[in-house]
Q: 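I have a structure I would like to understand better, so I am pasting it below and will then ask my questions one at a time.
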Protein chains: 2
Amino acid sequence: MAHSHDHHHHEARPDLTRNQDLVLRTLNGADAPLSAYDILDRLRDDGLRAPLQVYRALERLIEAGLAHRLESLNAFVCCADAGCHEKASGTAAFAICSKCGRVDEFTDPEVGERLAGWAGVQGFALERTTIELRGVCQGCRTAA
Amino acid sequence: MAHSHDHHHHEARPDLTRNQDLVLRTLNGADAPLSAYDILDRLRDDGLRAPLQVYRALERLIEAGLAHRLESLNAFVCCADAGCHEKASGTAAFAICSKCGRVDEFTDPEVGERLAGWAGVQGFALERTTIELRGVCQGCRTAA
DNA sequence: TTGCGTCATGTAATAACGTAACACAGATCG
DNA sequence: CGATCTGTGTTACGTTATTACATGACGCAA
């Protein structure tokens, strides 16, 4: 059962290395996607010097289902929910606001099923799916 | 009515500039996505020198619905069908083979509707959608 | 004709994103 | 002990994309 300290921040995960933990905390603390170089800049004071240190950590975090890469932005975000990779809840989709840069993660099982269905029919061995919507979010539209 | 010269190649489009036409022909002649620099290399003999010349042409071609950018590859392909942007046939999706690099473009109206539906409910003004599947195509699987 | 706006072009320089290659330290296991 | 595995740190480099500026061709109005 999940313990009840689900307050957006997370305690250090025992299975993360120092660099991975630093990068994950940085993503958690950001309110918009960060590029690898953004992350690096924010972690200079913690001793990180080279892009590769960040890219390696990101690679692990994504494998572990704790972060996502946004392909259309060349940037990274932490997962909205823990374990959003592992669930059968469907492929994660992202709505990215062109104005404010905020990203909203959601899933639509039907969409995942349709795409998986297409792959099945075609004999395409599906490994991963990217779904990204670009547009202007509610907040920015009404604020305009 | 469409004239009947639909033989994969296209005649020069009257509304394209020289650079745009060169880039489109290059994409048409390729059997896999090309990066902007790949395109540039293939067009050196035609006088192109700088990346920007290619990026500018690509930008127009994409606006005009004649080419697509594959975000997860940082590469470009020509459209499978003329006018695949303009139709209500739904958002284009791409299946990209990790082995051979081939790309298959398809649309699933249901998927487009579900995503547009989400956007509607959220008040998100949808401008464009990226759907990219990564995996191994039928041909490469059986050849393995 | 001249002057003006617009659009495509050409060029150089640089920014932003990502990786290869190598060396080292600590853990684990025979 | 040595072998191996994983993470780390560092340099250098490769790839992708943009900024800034200058030029040339065209339509159009004064």
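Lettering follows sequence order; numbering is per chain, from 1.
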Q: Is there a side-chain contact between A:Leu70 and A:Val77, using heavy atoms and a 4.5 Å cut-off?
A: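 A:Leu70 vs A:Val77: side chains touch.
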
Q: A:Glu59 has an atom CD; how far is it from atom C1' of C:dT19, in whole Å?
A: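 It works out to 11 Å between those atoms.
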
Q: Please report, rounded to the nearest Å, how far the C1' atom of C:dA16 is from the CG atom of A:Leu40.
A: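 About 12 Å, once rounded to whole Å.
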
Q: Main chain of B:Gly123, side chain of A:Arg141: is a donor-acceptor contact present, judged purely on distance under 3.5 Å?
A: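 At least one qualifying donor-acceptor pair exists.
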
Q: Using only side-chain N and O atoms of B:Arg18, determine if any of them is under 4.0 Å from OP1 or OP2 of C:dT9.
A: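 No.
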
Q: A:Leu34 has an atom CG; how far is it from atom P of C:dC17, in whole Å?
A: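 Nearest whole value for this atom pair: 11 Å.
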
Q: In B/S/- notation, 5' to 3', how is nucleotides 10-28 of chain D contacted by protein heavy atoms closer than 4.0 Å?
A: BB----BBBBB--------

Q: Please state how far atom CG in B:Asp21 lies from atom C1' in C:dT9, giving the value in whole angstrom units.
A: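 Going from B:Asp21 (CG) to C:dT9 (C1'), I get 16 Å.
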
Q: Can you measure A:Arg60 atom CZ to D:dC5 atom P for me and round it to whole angstrom units?
A: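 Taking CZ of A:Arg60 and P of D:dC5, I get 14 Å after rounding.
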
Q: Tell me which one of B:Leu58, B:Leu48, B:Asp46, B:Leu43 satisfies side-chain contact (heavy atoms from CB on, under 4.5 Å) with B:Asn19.
A: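 Only one option passes, and that is B:Leu48.
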
Q: In whole Å, I'd like the distance from the CG atom of A:Leu70 to the C1' atom of C:dA16.
A: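 So the two atoms are 17 Å apart, to the nearest Å.
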
Q: Going by the ring pair (Phe, Tyr, Trp, His ring centres under 6.0 Å) test, which pairs reach into residues 111-133 of chain B, not counting sequence neighbours?
A: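 Matches after skipping sequence neighbours: A:Phe106-B:Trp118.
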
Q: May I ask you to verify if any side-chain N or O of B:Thr17 is less than 4.0 angstrom from the OP1 or OP2 atom of C:dT9?
A: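 Yes, such a contact exists.
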
